[in-house]
Structures are given as structure tokens and as C-alpha cells.
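Note that this is a predicted model, so its numbers are computed, not measured.
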Amino acid sequence: MNKQYPGRRLWMVVRLLAWLPLPLVTGFGAAVATLVTLVPLRYASAYRVVLINLLATHPHMTYAQAKKIGRQSLRELGRTLTEFSHVWHRPVEETLSRVTHIHGEQAFLDACASERPVLMLSLHQGSWEISNLYVGDKGSRDKTLIMYQPHPATLMDAMVKAARERTGSVLIPTNSQGVKQALAAMKAGGTLGILSDHNPGNRSNPSVPFFGYDVPTPALIDKLVQRYRPHVFIVSCIRGEGGVKDIHLHFEEAPAIEQANDTAEILTAMNSGLQRCIDRNLSQYQWTYKRFKWSPRGRRNWYRQSNRLLSEIRKGTDRKTLGLHPDAKQ
């Protein structure tokens, strides 16, 4: 099938949602996501992934607590996904007006005004899409680059790219050509943003701890830090108590990353920074991502065997014996 066709259907849905009021759109997304948590677990693969991730990364969390936070997480993910329609298609000023708090803004602006490059490490949490518009608006025009994963449907990819570049940032793909552009931007003293909580496509990337488990972590970040010694910020964007109209942006300076001297130290400090952001707001992180799929020894079978593992946990089986514990033999 031509990639344009599935892309066109999704494009039309996004355009339609953009015309509706934001509270209605995100409320609809939250309601649909909630339905996923109400069907039997054997049919709810996304919910099983959320529960496995929560229980494996938080050894003291009970199964009941994981279910509660897992439901909240899926509701928040529903809000995030439907919110994209407004972020991509409504006026930029309207979207940025929802940002009520910016923590660490002056440090970020000062870094952008300096001669050193700036490296932003962000994660899939809360209203993370809004941060793209903000950094493009505040950074140096045409010198702020954002790495992104191109959408397989060409029509959707063109829409997303155009929407994210409206405030002046430039999107570059996560391929060899994009890496060359990223290196050039750092050399020229520019600003680069990377979603850094994903599984790198090439499993030759180094494995470092994340929530106590060794996982493949993007080696590009280590290369950028060691070669160009940029200002480094952990960037997160979450919804406050006021919901979708109460957005909090955080720019956290990361001296531990900037001053680290080797690959393991740099990437471990980065994962620790991401973990702190996640733990501050567990329910808004995208726990549906199979971040722990690979270990240095090969594939972990957590997600393939999620239904059985969750059944064992409900019966009271020790998570260490199931391998769902940082202290278990990996």
C-alpha cells in the first residue's frame, strides 16, 4: 500500500481534532486510554508493558500501586497524543501561552548566548512536544537543530516536520546524514536537542544503567560531549495541576555530564538525570515504551512473557526470581 494512504487518514484525524476545543480533545484521548485498562490484561498489551516497566523499575511498588499509576500513565499518554493536534496546527502563540512556569530559563538563555554549543537531552514525558516550539522560539534561528525519527508515512512526516519548524528550529533525521548535521552544529556553537530515552537502533551502542538495568544507550551523546564540551541541559515538559493549560518547562543544568571524562560516566550521568525527571512525575512518563527490551546478553523476555509474569506477581511470586528486579541476575 502506498505510504500516502495511511498517512492521509491519520493526517485527516489530526486536522479534525485541531478544530475542537483542547479540553474536549484531550479528555477524549484520556477516556479512550482508560478503556484499555478496563479490558482483561491478556488483550491489553500496552497496559501490560506499562505494568511490567513500573514493577521492574520500582522494586518497592506493589502490584496495586502499579495498576493505579499505570492507569494514570495511560490516561496522560492519551492526553499527550491527542494534544499533538493542537500543538501542530493551532497558532504557536496559543500553544506557548499555556506554558505557565519555565524553570531554569535564564541559565538556558545565557548558555545559548555564549560561544559554547548547547546540548538539550529530553524525554517522552508530559507535553514534551511543546518544548520543540519553545526552544525554536528562544534559540538562535536556524542554529537550533532537533533530531527526530521520520514518520514512515510521507504525508504525516511532512506535516510534523513543518509544524515543529514553525518557530525557527531545524529538524534533522536520526540517520547518518542527521548525525553529520548534528556534529556540524556543535562545532559551529549551535544548539541541538535529542530525545535521549530511546533504544538506539544499532545494538553496538554501549549499555549503561537505567533504573538499575544495563540498557543500550545512544553513543552519539557521548561523542558530542567529549568532542565539543557543550552546555548540557536535561529538558522536561510536564502538565501541572491545571492540566493541559498549565505547562511546566524545566531546563536543568547537568554539570555531572559536562564534567564526565569517559563514555560510561557520561551516559550513566545522563540516564540518572532522566530517571530523576521520571520519578518526579511517574504518571506522565510514556511507560508503554519497551526501553528494557535488550540487555548486554541479548533480549529480555519481559514483554513477550508479560501476561505470565504479571500473573505470577499477582500470586505473590518474588520479583527477583522472575528477573524483574535490579538485584536479580541479568
Side-chain angles (χ1 to χ4, degrees), residues 96 99-141 143-148 167-170 172 182-183 185-198 206 208-211 217-240 246-282 284-286:
L96 292 180
V99 179
T100 57
H101 297 81
I102 304 177
H103 306 269
E105 179 180 34
Q106 193 57 54
F108 171 70
L109 295 178
D110 290 345
C112 289
S114 72
E115 294 183 357
R116 283 171 60 194
V118 176
L119 178 61
M120 301 177 296
L121 305 174
S122 60
L123 66 163
H124 294 84
Q125 186 178 39
S127 297
W128 55 270
E129 187 73 28
I130 292 177
S131 61
N132 289 324
L133 296 180
Y134 173 84
V135 298
D137 185 53
K138 296 296 184 180
S140 301
R141 185 165 291 274
K143 288 185 66 178
T144 300
L145 274 61
I146 307 293
M147 297 199 83
Y148 85 114
T167 55
S169 59
V170 177
I172 57 175
L183 295 173
M186 289 285 97
K187 185 177 181 179
T191 300
L192 176 67
I194 302 176
L195 274 166
S196 49
D197 61 336
H198 67 281
V208 297
F210 186 52
F211 282 100
T217 304
L220 173 62
I221 293 163
D222 166 60
K223 180 185 293 186
L224 295 172
V225 172
Q226 294 215 48
R227 184 177 297 183
Y228 302 107
R229 291 298 168 181
H231 297 282
V232 181
F233 290 86
I234 303 289
V235 181
S236 57
C237 187
I238 61 172
R239 291 180 283 274
D246 181 23
I247 306 300
H248 296 209
L249 253 174
H250 294 259
F251 291 90
E252 298 181 46
E253 296 177 271
I257 301 175
E258 293 179 16
Q259 298 165 14
N261 293 313
D262 60 48
T263 299
E265 192 178 354
I266 289 170
L267 297 181
T268 298
M270 180 192 76
N271 280 354
S272 294
L274 297 177
Q275 184 175 329
R276 285 193 298 272
C277 291
I278 294 167
D279 278 336
R280 281 201 303 264
N281 203 310
L282 275 179
Q284 288 193 36
Y285 187 62
Q286 189 174 323

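Shown here are the side-chain contact (heavy atoms from CB on, under 4.5 Å) partners of Gln275, two or more places apart in sequence or in another chain: Phe210, Phe211, Asp279. Every residue two or more places apart in sequence or in another chain that forms a side chain to side chain donor-acceptor pair (under 3.5 Å) with Tyr148 is listed here: Asp157. Asp246 pairs by the side chain to side chain donor-acceptor pair (under 3.5 Å) definition with Thr100, His248, not counting sequence neighbours. Every residue was checked against the ring pair (Phe, Tyr, Trp, His ring centres under 6.0 Å) condition with His231, not counting sequence neighbours, and none meets it. With sequence neighbours excluded, the residues that form a side-chain contact (heavy atoms from CB on, under 4.5 Å) with Lys223 are Leu183, Arg227. With sequence neighbours left out, the side-chain contact (heavy atoms from CB on, under 4.5 Å) criterion links Ala185 to Leu145. Applying the side chain to side chain donor-acceptor pair (under 3.5 Å) rule to Ser127 yields the partners Glu83, Arg239; only residues at least two apart in sequence or on another chain are considered. Applying the side chain to side chain donor-acceptor pair (under 3.5 Å) criterion to Gln106, with sequence neighbours excluded, gives Asp110. With sequence neighbours excluded, the residues forming a ring pair (Phe, Tyr, Trp, His ring centres under 6.0 Å) with Phe251 are Phe108, Tyr134, listed by chain and number. Qualifying side-chain contact (heavy atoms from CB on, under 4.5 Å) partners for Thr263, counting only residues two or more places apart in sequence or in other chains: Pro206, Asp222, Gln226, Leu267.
The side-chain heavy atoms of Leu123 and Ile278, taken from C-beta on, include a pair separated by under 4.5 Å. Side-chain contact check for Ser196 versus Leu274: some heavy-atom pair is nearer than 4.5 Å. At a threshold of 4.5 Å between non-hydrogen side-chain atoms, the residues Ile172 and Leu192 count as touching.
Test Thr191, Leu195, Val232 against Met120 for side-chain contact (heavy atoms from CB on, under 4.5 Å) and you get one pass: Thr191.
The distance from atom CZ of Arg229 to atom CD of Gln259, rounded to the nearest 0.5 Å, is 9.0 Å. Rounding to the nearest 0.5 angstrom, the gap separating the CG atom in Leu224 from the NZ atom in Lys187 is 14.0 Å. The CD1 atom of Ile221 lies 10.0 Å from the CD1 atom of Ile266; values are rounded to the nearest 0.5 Å. Atom OG1 of Thr217 sits about 9.5 Å away from atom NE2 of His198, to the nearest 0.5 Å.
Of all heavy-atom pairs between Asn132 and Ser169, the closest is O-OG, 4.2 Å. The minimum heavy-atom distance linking Ala111 with Phe233 is given by the pair CB-CE1, 3.6 Å. The minimum heavy-atom distance linking Leu249 with Cys237 is given by the pair CD2-CB, 4.0 Å. For the pair Val235 and Ser131, the tightest heavy-atom approach, listed with the atom from each and the gap, is CG1-CB, 4.4 Å. Minimum interatomic distance between Leu121 and Ile257 (heavy atoms only, all atoms of both residues): CD1-CD1, 4.0 Å. Heavy atoms only, all atoms of each residue included: Ile234 and Met270 are closest at CD1-O, 4.4 Å.
Formation of a donor-acceptor pair under 3.5 Å by the Ser122 side chain with backbone atoms of Ser236 is not found in this model.
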After noting the C-alpha distance and the side-chain angles of Thr167 and Thr144, does the key distance pass the side chain to side chain contact (heavy atoms under 4.5 Å, CB included) rule?
CA-CA 10 Å; Thr167 55; Thr144 300; over 6 Å; no
Please evaluate residues Asn271 and Thr268 with respect to the criterion side chain to side chain contact (heavy atoms under 4.5 Å, CB included), reporting the C-alpha separation (whole Å), side-chain torsions for both, the decisive distance (0.1 Å), and the verdict.
CA-CA 5 Å; Asn271 280 354; Thr268 298; 5.9 Å; no
Kindly indicate, with the supporting measurements, whether the criterion side chain to side chain contact (heavy atoms under 4.5 Å, CB included) is fulfilled by Ile238 and His250.
CA-CA 8 Å; Ile238 61 172; His250 294 259; 4.3 Å; yes
Run Ile194 and Leu220 through side chain to side chain contact (heavy atoms under 4.5 Å, CB included) and show every step you take.
CA-CA 10 Å; Ile194 302 176; Leu220 173 62; 4.3 Å; yes
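Applying the salt bridge (Lys or Arg N to Asp or Glu O under 4.0 Å) test to residues at least two apart or on different chains, the pairs with a partner in residues 250-266 are Arg116-Glu258, Glu252-Arg280.
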